[in-house]
Amino acid sequence: MATESLTWVDQREQLLLAPYAMFSNQSRGRVHPETEHPYRGPFQRDRDRILHSSAYRRLSGKMQVFTGEMGDYHRTRLTHTQEVATVARTIGRALGLNEDLIEALALMHDIGHPPYGHAGEDALNECAADFGGFSHNQFALTIATELEFRYNEFSGLNLTHEVLAGQTCRIDKQKSGQRPLLEVQLVDAADSTTYDAHDTDDAIKLGLVTLEEMESLELVRESIAHVRQHYTALNEELMRKALVHRLIERQVTSLIANCGKEFQARDFSSYEDAMNSDFVLGHDAELNQQKQELERFLYARVYRHPNLVTVRQQAQQRLKEMFQRYCDAPELFPRKYQDRAEKIGVPRMAIEYIAGMTDRFCEDVHSAIVSQP
Ligand code: MG
C-alpha cells in the first residue's frame, strides 16, 4: 500500500506494530458510524472515552481487596487498573502489539465492578438470581453500551467492535471457539501479573501475612534470592518493595521471552492468523505453576483472612438490605433513573444502581434508606 494513502495513525502503526497486531485500519468499526478523528486512532479514542467516563472515575472509591478503613497504602480498583494498563503496555510495546487497544481494554476491564469487590459481586449475583444474575464483566458492557451518557446522538460510549469483543471474552473465557486478539489475551495476563504482585505487597504491609511465611512459596523464595544477590542488607520494608518489583519483572520478562520465541517460530502474518492458531499467550509451565502456588496461598491466607471475612459479610448484608429496600420502595431511586426502572424493571434497576456506587456512597445510602429510613 502506498504510504501517501495512509493516515498519520496508520503510518505510525506500520512502523511500530508487528504483523500479528490489531491495526487501527483493520477495526470493524462502531455500531454508530463516526468519521475518523484527524490525529487520534479509533482505539486511542476508545481509551479516552473510557478514561473520561464516570464509571472509570468511580473506581477510585471502590476497593480492590482491602477496604478504605484499613489504611491508604493499599490498591484501590483505580490504582489496580492503572498498574494493569502500565504492565500491559510495557509487554505490548516489547511484542509489537497495539498499545492503544491494550490501554483501552485495560482501562475498561474493571469498570463494571460493584462496591466491595468480589464480595459485593457475589451479593448482587445472589439478589439477581431470578433474572440472570450479576457479573462485573457483563456490567462493564452495559455501562459502555447503555449507561454512560456523553453524546447527544446515542447512549453509551460507542466503542469499537474490538474493545467490546475483548470485554465480552472476559465474561466466559471458555465460550468462544476462536481465540481472542493477542491484545485481549495480554491484558488478561497483565491483570494476573499485577494482582499477584500487589496483593502480596498489600498483604505483608497490612500485617495479614509475613514475608517469612511467604518465603515458603517458590516464586517468592526465588524472587527474594534474586534481590539478595544484588542487595545484602535491606531492611524489611525495602525488601518488600524490592520483592514486588522483582515479582512484576519476573512475570513480565517471562511473558515477553516466551511469546517472543513463539512469535518468531510461528511467523504469524496477521491478527487473524494468530487468532486461528492454537497459540495461547502466557508464561512457561514452570512459572505458571509458581503463580498458581502463590494464588492458592493468597486465596487461603489473605482473601479469606478473618479480618476480611467479617468486613465482607457486613458489606454483603448491606447490599442485600439495600436491594430489598429499593425493590419495596422504587420511589427512592433518584429521579433520573425512574425511566430506566420502568424500562428494565425495578429489581434490575436496583442492581444497576447499587453496582454503580462507590463503597463510601453505598454506606451513606445504606444509612439513609435502611438504617435510618
Ligand atoms: Mg482486574
Side-chain angles (χ1 to χ4, degrees), residues 46-47 50-51 53 55-68 73-92 97 99 101-125 134-144 159 163-173 180-203 244 247-248 251-252 255 281-283 288 291-292 294-296 298-299 302-303 308 312 315 355-359:
D46 285 359
R47 186 270 320 270
I50 298 160
L51 183 79
S53 69
Y56 181 79
R57 280 195 303 283
R58 284 203 208 104
L59 293 176
S60 69
K62 297 194 182 203
M63 61 177 265
Q64 177 69 17
V65 175
F66 310 105
T67 55
Y73 175 85
H74 58 262
R75 276 70 177 176
T76 64
R77 194 62 61 181
L78 179 67
T79 60
H80 159 72
T81 296
Q82 289 169 327
E83 289 187 32
V84 173
T86 305
V87 165
R89 282 186 54 170
T90 298
I91 303 166
L97 294 173
E99 279 182 65
L101 175 56
I102 286 169
E103 199 174 9
L105 291 162
L107 296 193
M108 172 146 180
H109 91 282
D110 268 352
I111 61 165
H113 250 290
Y116 312 119
H118 289 283
E121 177 167 36
D122 292 345
L124 292 184
N125 188 37
F134 174 85
S135 110
H136 77 273
N137 284 320
Q138 175 67 54
F139 190 52
L141 279 176
T142 310
I143 290 172
L159 302 176
V163 170
L164 294 175
Q167 183 63 28
T168 307
C169 290
R170 296 181 65 83
I171 296 169
D172 189 349
K173 288 179 186 162
L181 286 171
L182 293 170
E183 284 85 352
V184 174
Q185 297 187 48
L186 171 53
V187 170
D188 207 35
D191 192 19
S192 122
T193 297
T194 310
Y195 61 65
D196 280 354
H198 68 47
D199 290 350
T200 298
D201 184 26
D202 291 348
V244 176
L247 282 175
I248 296 176
Q251 296 178 78
V252 168
L255 264 177
L281 188 145
H283 301 287
N288 265 336
K291 275 172 67 66
Q292 278 167 18
L294 171 61
E295 285 168 12
R296 277 196 301 271
L298 288 171
Y299 185 83
V302 179
Y303 309 145
L308 265 65
R312 188 177 297 138
M357 294 179 182
T358 59
D359 302 350

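It should be emphasised that the depicted structure is a prediction, and the values quoted were computed from it without experimental measurement. For ligands, and for the atoms within them, numbers begin at 1 and follow the listed sequence.
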- Message: Quick check on the 6.0 Å ring-centre criterion: do His109 and His80 meet it?
- Response: yes

- Message: I'd like to know whether the aromatic ring centres of His118 and His113 sit less than 6.0 Å apart in this structure.
- Response: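 His118 vs His113: aromatic centres under 6.0 Å.
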
- Query: Going by the salt bridge (Lys or Arg N to Asp or Glu O under 4.0 Å) test, which pairs reach into residues 73-83, not counting sequence neighbours?
  - Reply: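 Every salt bridge (Lys or Arg N to Asp or Glu O under 4.0 Å) pair that includes a residue of residues 73-83, provided the two are not neighbours, is Arg75-Glu83, Arg75-Asp201, Arg75-Asp202, Arg77-Asp110.
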
- Ignoring hydrogens and angles, tell me if any N or O in the side chain of Arg58 forms a donor-acceptor pair with the backbone of Ser53 under 3.5 Å. no

- N/O donor-acceptor pair under 3.5 Å between Gln167 side chain and Leu141 backbone: no

- Query: Taking the Mg ion (ligand 1) as the centre, how many protein N/O/S atoms fall inside a distance shorter than 2.8 Å?
  - Reply: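 Considering protein N, O and S only, the Mg ion (ligand 1) has 4 within range.
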
- If you measure from CD1 on Ile50 to OH on Tyr56, what distance do you get to the nearest 0.5 Å? 9.5 Å

